[in-house]
Amino acid sequence: MPFDAANLFPILPEIAILVTASVVLVLDLYLEEKDKDINHTLTLIGLLVAIGLTGAVGGGEALILFDGNVVRDGLTDLLRGAILVVSLLAFVYARPWLKDRGLFVGEFYVLGLFAILGMLIMVSANSFLTIYLGLELQALSLYALVAFERDSKKGAEAAMKYFVLGALGSGMLLYGVSMIYGATGSIEFGPVAQAVAEQGMDNKVLVFGVVFLVIGVGFKFGAVPFHMWVPDIYEGAPTPAVLLLGSAPKIAAFALAIRMLVDGLEAIQADWQGMLMILAVLSMGLGNLVAIAQTNIKRMLAYSTISHVGFIFLGLLAGSAQGYASAMFYAIVYAVMSTGAFGILLILSRKGLDAENLDDLKGLNDRDSWYAAMMALVMFSMAGVPPTVGFMAKLLVLESVVRIDLVWLALVAVAFSIIGAFYYLRVVKLIYFDKPDPDMPVLTTSGGVRFAMSLNGLSLLVLGLFPAALLSWCQGVFV
Amino acid sequence: MYELPLLTLVIWLPIIGGIVVLASGDRGSDISKWIALAFAILTFAISLGLWTGFDVGSGQMQFVERAAWIPTFNVEYYLGVDGISMPLIILTTFITIFVIIAGWDVITYKPSQYMAAFLIMEGVMVGVFSALDAILFYVFWEAMLIPMFIIIGVWGGPNRVYATIKFFLYTFFGSVFMLVALIYMYFQADSFSILDFHDLELGMTAQILIFVAFLLAFAVKVPMFPVHTWLPDAHVEAPTGGSVILAAIMLKIGGYGFLRFSMPITPDASASLDWLIIALSLIAVVYIGFVALVQQDMKKLIAYSSIAHMGFVTLGFFIVFTIIRSPEVAGGAVMGIEGGMVQMISHGFISGALFLCVGVLYDRVHSREIADYGGVINTMPWFGAFVVFFAMSNAGLPGTSGFVGEFMVILATFRADFWWAFLAATTLILAAAFTLWMVKRVIFGEVKNEKVAGLQDLNRRETLNLGVLAAAVLALGIWPAPLMEVMHASVENLVAHVSECKLPASEAADCVLAVPASVAGLTGQP
């Protein structure tokens with residue numbers, strides 16, 4: 001088939017990111033140490049341009065491009081936007097930390113941008129091959145980012161673990177894809193969906209394929225029992241890398257699940273629903289219970305991620321447009337919350353001191369009451385307390401579960417969220433009720449960081465009070 | 001005619017005020033306190049418009065405001081008040097003023113955050129009382145926890161962290177199950193409007209489960225035996241203002257929940273499980289009364305006394321079903337609920353005042369132990385007089401507001417069952433015993449120690465606080481008619497509503513309550 005240049009127009013955001021990454025890669029070689037800020041500025045500009053382009057090429061009918069390998073639809077538009085905005089915040093928070101440690105180099109930005117590119121490809125994939133390519137691009141960049149602090153033993157260990165387990169997950173996924181290809185004779189979602197609808201569950205190869213796909217999705221999300229890598233990587237990796245891999249990739253993983261399970265395999269939804277249910281209950285249970293025992297806040301947030309993944313699965317397994325929309329809302333909200341939480345940790349970190357333990361948050365209200373309020377907002381939102389948006393997200397997934405008469409599942413979910421509330425409250429307690437250690441340094445942050453964090457924190461409140469716009473946007477994707 | 005959106009104003013004005021106060025910061029001047037006071041007084045003044053504009057003849061929702069909030073889920077910004085919620089809103093705006101004044105000199109650590117927390121709290125609590133959309137209600141209901149959590153945790157006593165986390169988790173635990181029940185009903189009614197829930201036909205199993213979910217939420221808040229254990233801890237550790245708000249208003253939200261949700265939405269389940277609530281209420285009145293008797297800590301004593309008094313409230317509400325089942329005494333039903341309501345308002349004044357009194361002592365001596373005091377009246381005669389007055393009204397002395405509610409509830413209970421009424425009436429002895437014994441040990445007798453000997457009597461602010469509350473207690477005790485008049489139509493409405501069976505026609509044979517004419521016609525039952 002001849003190459004059609006019109007195909008390039010809808011993937012302009014991806015192109016913008018690729019161009020930025022390449023420019024930074026080359027330019028970094030010629031930059032003096034003092035001029036490294038140019039990398040940062042260029043990256044931010046690239047992300048802003050990509051956001052603008054997402055808006056410009058977005059909207060309208062779904063477009064299938066590149067011989068059915070790429071799609072641009074409502075889901076793509078919204079998730080692209082969310083990934084880019086969240087990553088933008090992440091780069092802003094990361095800068096002071098990198099500077100303090102002499103790690104303010106172009107590679108961080110290059111790897112980060114390639115990871116973002118991978119995520120963007122995932123959200124606009126229309127075949128198993130494209131989605132795998134996106135996934136691997138994202139994963140490889142993130143493995144390198146985890147090992148970014150070369151002299152850190154913990155970082156190297158984490159990167160190794162991440163790489164081995166990530167490769168295992170990708171392998172599972174690829175194995176599942178090959179089985180599905182064997183059963184249906186296609187790797188594009190459209191033909192696969194058709195073939196699956198005709199065959200149903202009678203084809204055992206297809207069933208096995210689905211099982212491996214769900215395992216792969218579970219790995220990438222970090223759902224129990226495929227969660228082993230999450231806490232170790234969160235603890236061992238440098239915080240800016242955790243910030244990048246703990247927020248936007250969750251949105252991309254959501255796209256992975258939607259594209260493969262819904263676009264490709266919705267006809268056998270009854271089968272993957274049961275599997276997701278087990279993953280969801282285990283994730284919510286284990287995540288919330290084990291998080292209580294943590295003293296390292298990065299590890300605590302890792303277990304909290306696991307429990308939030310359980311909630312995202314609740315929406316997915318509902319198997320209705322409503323359910324997918326609520327899961328999407330949850331995934332986006334989670335990415336924003338997690339960016340805020342790790343952002344605060346970066347703000348609290350100083351030269352020679354990484355804010356890693358819960359005690360590092362002690363008396364934040366006395367040190368800087370604005371950041372304290374923002375962190376409290378993030379924590380209350382994660383716990384699902386109104387009027388923050390975390391409550392709305394939980395409400396929506398619960399609603400989609402009750403809608404399909406799984407009231408017991410909703411009860412299990414709320415029971416675990418009570419347990420979860422405890423460890424989030426403990427963070428609020430440290431911030432507000434404890435006094436800071438006298439030797440803690442004064443917090444100094446640039447105006448940009450303060451602005452980004454205010455935007456980040458207040459968005460949780462504003463979205464909680466006025467969820468209608470984002471929600472109807474999410475719902476508009478699945479009609 | 002264009003009317004001011006009064007409810008919106010009363011909810012959001014204090015919240016905006018809270019933000020302004022936060023922004024004003026603590027720059028060494030009293031400016032944040034004055035702003036807080038101004039907002040509190042202004043809010044109270046505006047809330048009086050609810051009273052003056054209220055149509056007492058109507059039991060319907062008034063001052064209704066309705067706008068779409070989350071259209072795709074039919075969630076609305078739907079506000080309105082009736083005779084049950086309006087007095088509670090006025091109580092909220094009224095008490096907040098005194099809380100602000102009471103914290104004036106005492107709070108030295110970040111006073112602007114303290115004042116702001118109370119203002120935001122005020123707006124949120126008014127929201128709870130006026131929300132007619134279940135999700136809006138739930139948002140306010142849970143949002144209330146955040147400022148209180150921080151108030152107790154930051155400005156509380158030595159064991160404050162334990163107390164505030166216990167408080168938060170207890171209430172959070174109670175309410176999440178209510179959320180699931182609300183979502184379930186949304187799919188039955190296709191609306192989150194509480195009034196639509198009232199008309200919803202529900203089978204007995206669903207009603208029982210929903211009733212239990214509501215009970216978990218409201219019983220923790222009231223609090224009823226055996227889920228009351230967070231209250232003494234929270235009260236003891238909370239700063240004076242926090243205790244006042246907890247006792248005077250937050251507990252009432254549990255009682256209000258029973259009236260707005262449990263009884264009208266699940267009348268059949270309420271009628272068949274009323275023995276449970278009545279039993280728990282009587283345990284609260286009698287057992288907790290004895291527990292109060294042995295307390296060494298003044299705040300704990302008043303906290304237990306609150307639990308006992310709130311037992312009266314729930315007793316008054318749920319005695320209604322026994323009365324409805326024996327039609328010859330139907331008039332007692334309205335009296336039971338009205339008695340409970342009067343008791344709630346009156347307890348708001350009295351417990352608030354008593355906590356303020358303990359606060360006055362604590363600010364001077366920094367002890368709440370009864371044993372550390374004695375003969376306070378010798379050095380603080382004015383204060384002693386106030387304490388004796390409020391103690392008397394706590395014990396239910398005729399002429400004070402404490403008497404009116406208790407008397408009505410006991411009368412209504414008499415119509416239902418003599419022995420229940422007998423047990424309930426023991427409160428008159430128990431409450432007198434534990435309150436007056438405390439007064440005797442703290443206020444009267446010889447001057448116990450040097451600290452007591454050096455006490456200063458009330459300053460102007462404290463006198464103003466206690467004086468106004470005393471006037472309110474007296475006014476409500478001598479002439480409760482205006483309050484009764486406001487709530488009468490709404491309560492009659494409620495009683496009529498809960499007297500009717502809400503089971504679907506297929507289960508009409510199980511109705512304990514009267515079968516409404518429309519359903520009776522279908523099934524051929526009388």
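Protein chains get the first letters and strands the later ones, always in sequence-line order, with residue 1 at the start of each.
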Query raised in the report: Is the A/Phe433 ring parallel, tilted or perpendicular to the B/Phe149 ring (thresholds 30°, 60°)?
Result: tilted
Report summary line: Scored by heavy-atom pairs under 4.5 Å with chain A, the best of B/Ala213, B/Gly153, B/Pro71, B/Ala143 is B/Gly153
Report summary line: Checked B/Ile70, B/Ile165, B/Leu182 vs chain A; the most non-hydrogen pairs under 4.5 Å come from B/Ile70
Pick one of side chain, backbone, both or neither for [X], based on which atoms fall under 4.5 Å of a heavy atom in chain B.
X	answer
A/Ala383	backbone
A/Tyr432	both
A/Gln475	side chain
A/Ile419	neither

Report task. Tell me, out of A/Asn365, A/Val407, A/Leu471, who's got the most heavy-atom pairs with chain B below 4.5 Å. Result -> A/Asn365
Query raised in the report: Do other residues, nucleotides or ligands put more than 12 heavy atoms under 6.0 Å from B/Tyr184 OH?
Result: no
Query raised in the report: Do other residues, nucleotides or ligands put more than 12 heavy atoms under 6.0 Å from the CZ atom of B/Phe187?
Result: yes
Query raised in the report: Is the gap between the ring centers of B/Phe168 and A/Phe422 under 6.0 Å?
Result: no
**Report entry** Side chain, backbone, both or neither of B/Leu145 within contact of chain A (heavy atoms, under 4.5 Å)
**Finding:** neither
Query raised in the report: Any donor and acceptor pair, going by atom type alone, linking the side chain of B/Trp69 with main-chain N or O of A/Ala468 inside 3.5 Å?
Result: no
**Report entry** Verdict with supporting geometry, B/Tyr109 and A/Asp366, side chain to side chain donor-acceptor pair (under 3.5 Å)
**Finding:** CA-CA 10 Å; B/Tyr109 177 76; A/Asp366 280 344; 2.4 Å; yes
Query raised in the report: Would you say the side chain of B/Phe73 lies within less than 4.5 Å of the side chain of A/Leu396, judging by non-hydrogen atoms?
Result: yes
Query raised in the report: Of all heavy-atom pairs between A/Ile418 and B/Leu169, which one has the smallest distance, and what is that distance?
Result: O-CD2, 3.9 Å
Requested in this report: Kindly give the heavy-atom pair with the smallest separation between B/Tyr138 and A/Pro386, and that separation in Å.
Outcome: O-CG, 4.0 Å
Requested in this report: Carefully, step by step, assess A/Phe391 and B/Glu142 under the rule side-chain contact (heavy atoms from CB on, under 4.5 Å).
Outcome: CA-CA 10 Å; A/Phe391 164 72; B/Glu142 291 272 76; 5.7 Å; no
